[in-house]
Each structure stands twice: as C-alpha cells, then as structure tokens.
Amino acid sequence: MSAAKIYPEFKNSSQQQIEKDILSFWETDKTFEKSVDEREGKPTFVFYEGPPSANGLPGIHHVLARAIKDIFCRFKTLQGFQVKRKGGWDTHGLPIEISVEKSLNITKKDIGTKISVVEYNQKCREEVMKYKDVWDDITQKMGYWVDLNNPYVTFENNYIESVWYLLQQLYKKDFLYKGKKIQPYSPAAGTGLSTHELNQPGAYRDVKDTSAVAAFKVINDEKSKAVFSSIKDANFSIQNTSFLAWTTTPWTLPSNTALAVGANIEYVLVNTFNPYTHLPVHLILAKDLFSKYFNIENENKLDDYKNDGKNLPFVTLGSFFGKEIAGIRYEQLLPFEANSKDKIDGDAFKVILGDFVTTSDGTGIVHIAPSFGADDMKVAAENGIGSLTLVDKEGKFIEGVGEFSGRYVKDYKNEPNYISVDIDISVKLKQENKAFKIEKYEHSYPHCWRTDKPVIYYPLDSWFIKVTAVKERMMELNKTINWKPESTGTGRFGQWLENLVDWNLSRSRFWGTPLNIWRTEDGNEEICIGSIEELNAEMQKSIDAGFLAKEKLSEKLDLHKPFVDDLILVSASGKPMTRESDLIDVWFDSGAMPYAQWHYPFDNTDTFKKSFPADFIAEGVDQTRGWFYTLHAIAVMLFDSVAYKNVVSNGLVLDKNGNKMSKSKGNTVDPFATINKYGADVTRWYMISNSQPWDNLKFDEEGLAETSRKLFGTLYNSYNFFAIYANIDGFVIDAKNTTPLTERAEIDRWVISKLHSLVKEVTASYEDYEPTKAARAIEEFVVEHLSNWYVRLCRRRFWGNELSQDKKAAFETLHECLVIVVQLMSPIAPFFSDWLYQSLLSTKNSIHLSTLVIADEKLIDLQLEQRMSWAQEISSLVLSLRKKTKIKVRQPLQKILIPAIDNSFIAQIDKVKELILAEVNVKEIEYIGDTSGIISKKIKPNFKLLGKKLGGKMKLAADIIQQFSVEQIQQLEQNGTIDIQIENETYSILLDEVEILSDDIQGWLVATNNGMTVALDITITETLKNEGFAREIVNKIQTERKEANFEVTDKIILHVQNQLVLNAILNSYKEYICNETLANDILFADNVSNAKEFDINGEILNLLIQKV
RNA sequence: AGUCCUAUAGCUCAGUUGGUUAGAGUACUACACUGAUAAUGUAGGGGUCGGCAGUUCAAAUCUGCCUGGGACUACCA
C-alpha cells in the first residue's frame, strides 16, 4: 500500500498549467523537430502553409484556421507519415505600403521627393515583420506546429528569383502579353487593382450615389427625319426630341461619346414636359420601363399639368425598335473645350447597338463613356466611336472642362467640405433642360480595399497572363481536387473558372516583386529574365555595349525597385532596353510558393519534386478566388497539374449573436485572452466540435466553459480515479503481460469493442477531413460510454483489498481506453493529450511521436454493443420506475419482469444481467413468455415495406392494422400472414411487414421506451427491508468518512448506541457493513459519548466512527 | 442583379437512400445518487422543422417561389 505513486494524481492542476508544462517539454525535447526527423524515409504527406502577413495582428479566426491545418498534419504524423511544415511570410503588397505611409505620415506622391524609393523600400522591409513576435507567440501558445526557423519570405532574392523563373516560363509559353484595358483603378492608392483585390471581403459596398437620367437631344438630319417620318402628330418636332439615358456616375457624362440601345427592344416616343423646367419635350425610352416614369392615368392629359414635376402627362407619338433608331445622331450633352469634337479619335455622338443592353434598369438606353467602362470600350471600338478621358489618374477633371476642371470626381482627398461633382453636374443638367430625373440610388459599388475609396474604371496599360488559354484544363483538373465542402469547389470555384478573364499582373507600386521584362523604347525588342545568372550575363553585355556602368555588376544585388530599374540592358540589335516599370500582383507571389519556397529550380529540386503537389491545404473560404486560385492557375499553366489534392476552406468566426467580428463593433475576441483563460486545447476543441469548419462559427464563451467542464473535466476525473486506485494497489501497466480479453469481464470486452469502433470512426473522419465528426465521436465515447457507464459500473472492481485478476483486468481496460482516447484526441488537443499520455505510460516520450493504433475488427463485437445498449435502456427504465414510486435505489427490490418474445433476446440479456441487477439494485430478472397471457401487444405497420406494396391504400391499411385485436395479432404470428379488406379488395399482410411490440404487463408497473418494456416488482419483503436498512447505514458511514476527510484506505471502528430495530440488522449484516466501510468491528454500548445521530429510514441511530 | 451556402427547442447542434410520438447537449425546475465531486441519474416544461405552394400513400428530408442571415461574383449603365 505504501508503494511509490507511479501515476501522478492531480488535485488542483489546471489546463493552463498543463499547457505551460507541455510547452516547455516540447521545447527542450524538440518534439516537433523529432516528429519530422524521426520519420525520414517514411511516406510523405505534403502540406503547404498559406503565408500570413505579419504586419497585422492575429485574431481568433487565425486560431481556427491554424487549428484545422494543425489537426491534419498531426493526424498524418500519427499515422507514420513525414509531414514537413515550412512556414512562410507574405511580405509584399499594398497593405505594407499603406502602413509605412501611415507611420511616416506621407502619401504616395511623396515617394521620390520627400523620401527616396530606396529608403521607402527599406521601411517596408522593416514594417513587414512588425508583429512577427506576436505571431510567433500565438503560434506557440495555440500549439500550432510549423517550422518558423526556416520560413520562406517573399521579399528575399531567392524567392523572387524563383518567381522570375516562373514568369519566364509563362513568357516562353506565350502566356504573357501587354495590353490596354479598362481596369478597376484606385485614384486614392494611385494604382490599378486586380479582380482578386476587388474580391476582398468588404470591397463591394452598398453606397448611395446621385443618379441621373439625362436627355440627349436628337439632331435633325436626313437620318432622323427618315426614322421619325411616320409620326404625324402636329405638335411633333425633331428639334425638341431627346433620348433618355441613365447613369449612376454622372461624372462620366462629359466623356460620353455614344448611346447604346438593344436591337430588339421596343422604344416609345412621347410628348410630355420636363419635370424641372416644365418645358414641353419629346422623349424616347424603352417601352418596358415607361411605367417607371409615367403613370398611365396621365395619358392624354397635357392640359392638366400643374408645372410641379408631378403626375407628368404624356401623349404617345410613336414606337420604334432599337435597330430602327440606331445611327441617329445627337447633340453632345456637355460640350467643353477639352471634349470638343476634334479631340475625339473617332466618330461620336450617335446611337449604336449593344447586346448587353437590358430593360431591367434605367431607360433601356445606355450612356457610353468608353474610357470608364469595359463594355463601353468594347462596343465603341466595334462601332468606330472614339473615346474621351476627361479625368486624370488622380481622379480629378483635366483642364478645359469648364467649372469642373480640377475637381475630384469622388472625395479622394478627404476634403472637409467636399461637394459632389455628380450633384453639380446634375444641377447643370437640370438648368439646361437636359435632366429628366435626378435621384439618390443605392447600389453595390467596388471600393479600394485599403484606402476605402471608390474605385473607378480607367484605361491602363497592363501585363496580363493568358489564363483563359488553359481554362478548360483548369476546370478539368479542378474536378480531381477534393474540396471540403464540395460545393466550394463545384460551385464557387467552378463557376469562377467558367467565367475566367485574363489575370492582370501589373501593379504600379513600389514594394513588390518587379516584373522581369525589359523593352526597347519602341517596344519592338524585349527580354524576359529568368534567373540572376541570366541577369548578370545581360548586364555584362550591356556594360560591354556601354549602357551600364561596370560597377553595377559588383554591387550587392537587390531584386527590388529602384535597383532593378537602374539596370539598362542591351537588345539584340544594340538598342538600350529598360525594365517595364510595373510590379506584379502579390497574389502571384503566394501562388508561386510551392516552387519558390524551395528556390526551385535553382536549389532543392529533389525536395520540390517530393513536395508537389500538396496533399493538403486549408485557408478561409475567402481565399477561394485568392490563394486557392493562384496556386491552381500557376500549377496548371506550368506543370499541367493540380497544386493541391485536398483543400479545406473554413468559414468565418462570428460573435455569439452571429454578427461579423469587427474592431468598430468592438465584438472581436482576443485570442491571447481566450487561450489564457480556457487554455488552447479547450479553445481548439470548442471551435472544432461546435461547427463544421466550413460553417460559420458563432463564438460563445459559454461554449468554451462547457467544453472544459464536460470533456476535459470528465477525462481528468476518469484519469484521477484510475491513478488513485492504481497507486493504492501499486498497479503498474505491463503491456507485455496483460490479461487476455477472453478472461476479462463482459463489460471490459464491451468498452474495448466500443473503443475500437471509435478508433475506426475517428480515423475515417480524419481521413475524410471531417474533424468535427471525429471530435463529437470522441466526446460521446469519453462522457457517455467510458465515464458514465464503464467507470461508474466498475467502481467496485477497483476497491477490493488485493490486486485480484479481475481488478487487474479492470485497470488494464481503463488504462487502454485512456491511452487510445488521448491518442485520438491529440491532433485536436495536443497539450492535454500529451500530458495524460505521459502520465499514463510513465514516459517522457511525446504522444505526438507515437503511432496511431489501428482499429482491430476482431475486437469489435456489435452484438455485445447491442446487448449493452439494451442493458442501459433497461436500467434507465427501472430507475425511472423507482422514481415514479419514490423507492430509492438503495432499497433492494426483488425482481424485474421483461417480456421476451424470442429466446435469442433472453440469451443476450442474460449475459448482461448482473450489470443490470447491480445498477438498479434488484435481485433477479424474470422473462415473461408469450403464453403468460399478461403481455399486451401492440402492432405497428412497417411503413417502408407496406408503403411500397400498397401505395395509395397505405393510410387505410395502417388504420386497420393498428386496430388489430389480440386474436388477429395472434393469428398473424401463428400463420405468418393475415388478410385485410380495403375498399372491398383483399390484401395479405405478412409478419415481416409489421412490428409487434409489447407495451404493457397487466397488473404491473411498467415503463416503455424504444420498443423495450420493463415491469418492476415493488413488493418490499422483510428481508429486503432489512437489507435496505443495512445499505442505508453503510451510506451514512461512507458520507461521514468523507466529511471527516478519511483516506479511502483508512480502517475504522464503529461504536453503536444500542437500538431496538437496528441492533439486529447491524448484527446480521455485520460482515457486509464492515466490508463496505472498512470497519474492523462494530461495538455496542448503552451510551456512546460523542455519537452522532443518524436517521436510518426513520430509525434513529447514534453512532461514533473512530479511525483506527 | 446573379451564383453558392444557410434557416430544426431560449442557446449550440444531430437528423442516413422520404416511412409516422423530430433527437442530443446546454440552460431552467424538482427529486434522487455519490469511497470520480470540475461529477452523475430520473423527471418536467420548451418545436407551425423560416413562409407558401407542389410531387408523393407518406416531406424536416425532394421541387418551385418567397423571406431572413452569410459569402462570393459583376461590364452592370
């Protein structure tokens, strides 16, 4: 009994302390490194880390995202795979530039004047790693295993060199081209934006803009005369006729060069009034949209008009199809010096046909400003219409636009009294009789994701990647990727691929990977550099040609601006070539990580080959068109391969009310505070078990407390229970010498069977990237099966005096369950599981270096699991009956009755009989056979079978069957069939097609649930009553022992004051009582001093408990 | 505007190929149990399965439309 404690017992250990201890253990043990190194040569499981940017702080959603990554990497490691996890940092891009500008209090304009590009880029380089320490801290505290000692960093020369290599490969395949396109452009940031950037969450926002329906006056010429010749109305004049076109961006109206109509859309021409000037006018708009502006009740009531702009009366003068009015010319809406006709590079101001025109909005006539809309540009080019660009790159009107010159089209400068140009243009139109309807219009409009300012569409020179050329192949290969959830792959990602446009690679910025293309001034000769070696060779050529100073070659190479811009190369024909000034989209950086992280193809080609493509990646669902896309695009174009085989896209973390977390709402959750309070394991477990990774998670602190209490508390108690008794008995697990399963108790075999069923289920779930299913299954096993059934029912087995064979088996069984359960949990809860594992095995070898047990089918006995679940059901029913009759469990009862329809059922129950009897404190089970005559039977049709057979008659048949008499049921049971009449037709019902249940035992107290019926004999005989007394006495003594803080091994002596009824019982149950309470003797006396008074089922007992 | 996801008890979630009393946990209430106490058992209240139609003998489950929540896309005037 005094043996050294093998298993540490923890009275007050906290999850936080455990995690601290395990963290420092991992550090000194180098467990993570070992978990990779020890598996050298084993099959690999390839994981790619999507690089975070360390210039922002980590949030709780990062903990979720990284927990998901960690789980599968740990799981695969447990399975024996080698899982390398190279960390990485995303270091380029606008967010970094913005935060540098903020901290230096400068703007883009100041770069090159107030600060040199060299200095600026140096600042960026520093800024990038601003919060690296915080990130390292959360990484460690949350238990995310990733190699941060050798991360890939996107701004390093090696990384850039790999990116250049990839770009050169694309160039060689003719996938790179330069073109002018109307692109999203942010005047505030001074740069074009890629579609990826517009896809950033929050980029599209509902805004209220001033929208204008403008009237474009028809020119009276041969064409218009011909078109309108059919109109006979005396009041009609072409000079007074206008087209109505709607726009939400009135600032584009001065740049208008055409109007587009739909060929087969019908337009009407009406005589009415201008609602602002009240002058009589003729207007043309789509018939379908007519009712938006006019009320039919006001037809032909021109004389009623009250000059108030309301209830506009009208007279319809005629109607035309779009194809008829195409070609009509109109007067320029807002003529200025800068948009005079000679400034336009083509024909202008006429009606053209566009297939994109619809009648869902506006007037069915579209205002065309080719410089500010992609469709506009396209349709204008097709029709030989020229373009006007009256707005410069800063977002303000150029000189020569009258009163609007120099004004910003949106508030790009945060002017305190910014006045909307849209409004002023609208006012001007109103005054000039050119406005028909000015109103606020709410619509979704893209904003620059960093400056928060509205984007405009603007003609820009750009380099593109021709991804459309491999569209089909990308779709094909996408089908081989296992998406979790599937709908993200087929739906969101699949549709994105179907509507693919070329990837705009250019960015006019300072901090990023420079485009590796040099060109002669005329653009006739160019070169795309694919390596540093090649660059050096070209530099040498240029030095030889005299374009480049000799010293350049010996300078330290930095593949950033402005250094690369200073390099002038020489073309084949001897002309100087300068670098195309653009940087490339940062998304290309991250999409290049499978290659660039290994500096492929310059180094590590073997490593690369072994780690491409990835087996698994995981990021937020918002990366679908981001990282998931760029990885896929580059892999397909250059390697004709997928970049990843399995991808988990996780949802958002919302607050507990389902609102998005945001700093402004103040509902963000601090990951450090959470981990500090509840521990990383609890946080991880809660997030994984609460909702599937791809569903949004409603983060609620109460859920964390529940997880902590239920799962971890229960497991902790189960272990402590084991440890306490194992230590008392000096039990030490001896893996080589365990009790054979056949010699163990039924309940041992049951829990082992359950355990292996669990291993099977959990392994399958992890393999299917379903961590939530795994977590929930583990939780159920621990709480319901292991703790609430196995441990609870087996407690007595652990108490005996010596280490019996049965007790040894119980220890071994519980030990095995705990070891395997923590192994299954370890990917999700890496700290607690490691701590428990090491405690259970008295080892200093981490659980994360162990090999996952494989489910042993031979140990799974479904029949056993079935009969145990019956035992649980029966016990529950008996307890509920006791409850109903208010007979406490401590009072033994004689028997329970169970209707038994077949013998196999009896055989099954017999095997678990002892467990049931002990659990419900009853002496025996009696099975009631069919012939007893006291079982009432209930019959229920099997809808699934009968429904198929009877079809429409099902309902009637169900009524008939359910009302079967006892005789009819008997007949069916005997003959196996019975005929019923439905609407004068006869149908045979077979025994298989119904379910016969017993739901009552006449004359008994019964309970029924899930098809199980149990009756309880509540007669309390004298013997039972006395035994009840004995039990009650034991209970009081036990409670007293506990209150007195006796050790569970302390022996006692009982001093009893003589009592008429209880003396007899104490004597006849002396052995039992002494055994149960570890009493050496019971001593009687007429008077016991210091005795405590107990109420034993109504009898008063004065008793003193004395420790020996 | 379109595409996709989602809606089940106060809260968090299950609910197989459609099959007849819609479940669990949690919270609340009451009573038990307790040599595991960070527990446990039993009982109770709590649901128009977002709404409306349809298919079917039978719909939480399938279809359509609508509403709320969310994400994404857009050249959208």
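Values below: all heavy atoms of this structure, side chains included; hydrogens, waters and symmetry mates excluded. Every chain is numbered from 1 and lettered A, B, ... according to where its sequence line falls, protein lines coming before strand lines.
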Exercise. Just to confirm, is there a sub-4.0 Å distance from OP1 or OP2 of A77(B) to any side-chain nitrogen or oxygen of Thr248(A)?
Worked result: yes
Val889(A) and Asn921(A) have their tightest heavy-atom pair at O-ND2, 2.6 Å
Determine whether a donor-acceptor pair (one donor, one acceptor, N or O, separation below 3.5 Å) exists between the side chain of Lys944(A) and the base of U17(B). yes
(request) For A27(B) and G46(B), measure between their C1' atoms and round to the nearest Å. (result) 11 Å
### Message
With rounding to the closest Å, how many angstrom separate the C1' atoms on G15(B) and G54(B)?
### Response
24 Å
In whole angstroms, the gap separating P of A77(B) from CD1 of Ile385(A) amounts to 21 Å
Checklist entry - How far, in whole Å, is U56(B) from G18(B) if one measures between their C1' atoms? => result 9 Å
For G68(B), the nucleotide meeting Watson-Crick or G-U wobble distances (both under 3.5 Å) is U6(B)
Presence of Asn696(A) side-chain N/O under 4.0 Å of A71(B) phosphate oxygens OP1/OP2
no
Paired to A38(B) by Watson-Crick or G-U wobble criteria (both distances under 3.5 Å) is none
Re U63(B): Watson-Crick or G-U wobble partner, both distances kept under 3.5 Å, found to be A53(B)
- Task: Tell whether Ser787(A) reaches the base of A36(B) with its side chain through a donor-acceptor pair below 3.5 angstrom.
- Result: yes
Under a 3.5 Å distance rule, please check whether Asn696(A) uses its side chain to pair with a backbone N or O of Val653(A) as donor and acceptor. no
### Query
Looking at Arg792(A), does any N or O in its side chain come under 4.0 Å of the phosphate oxygens OP1/OP2 on A36(B)?
no
Check your understanding: Roughly how far apart, to the nearest Å, are U20(B) and G64(B) at atom C1'?
Key -> 26 Å
Distance, P atom - from U6(B) to U21(B), rounded to whole angstrom:
28 Å
### Query
Which class fits the ring pair Phe832(A) and Tyr716(A): parallel under 30°, tilted 30 to 60°, perpendicular over 60°?
tilted
Q.
Distance check, C1' atoms only: U40(B) and C5(B), in whole angstrom units.
A. 40 Å
### Query
So, is Arg795(A) close to the C33(B) phosphate, meaning a side-chain N or O under 4.0 Å from OP1 or OP2?
no
Does U42(B) have OP1 or OP2 sitting under 4.0 Å from an N or O in the side chain of Arg882(A)? no
Is the phosphate of U42(B) approached by Ser876(A) (side-chain N or O, under 4.0 Å from OP1 or OP2)? yes
By the Watson-Crick or G-U definition, both distances under 3.5 Å, U16(B) is matched with none
Rounded distance in Å between the C1' positions of A71(B) and A53(B):
29 Å
Per side chain to side chain contact (heavy atoms under 4.5 Å, CB included), His367(A) is matched among Leu244(A), Val213(A), Thr257(A), Leu253(A) by Leu253(A)
Result for 5'-nearest mapping on RNA chain B, choosing between Lys940(A) and Leu697(A), is Leu697(A)
For C28(B), the nucleotide meeting Watson-Crick or G-U wobble distances (both under 3.5 Å) is G44(B)
- Using a distance-only test with no angle check, is there a side-chain donor-acceptor pair under 3.5 angstrom linking Asn1035(A) and Arg890(A)? yes
Mate of A1(B) across any strand shown (Watson-Crick or G-U wobble, both atom pairs under 3.5 Å) is U73(B)
Check this one for me: any side-chain N or O of Lys698(A) less than 4.0 Å away from OP1 or OP2 of U12(B)? yes
inquiry  = So, does Asn690(A) get its side chain near the phosphate of C13(B), meaning an N or O under 4.0 Å from OP1 or OP2?
reply    = yes
Should Glu1032(A) and Lys1036(A) count as an ion pair when the cut-off is N to O under 4.0 Å? yes
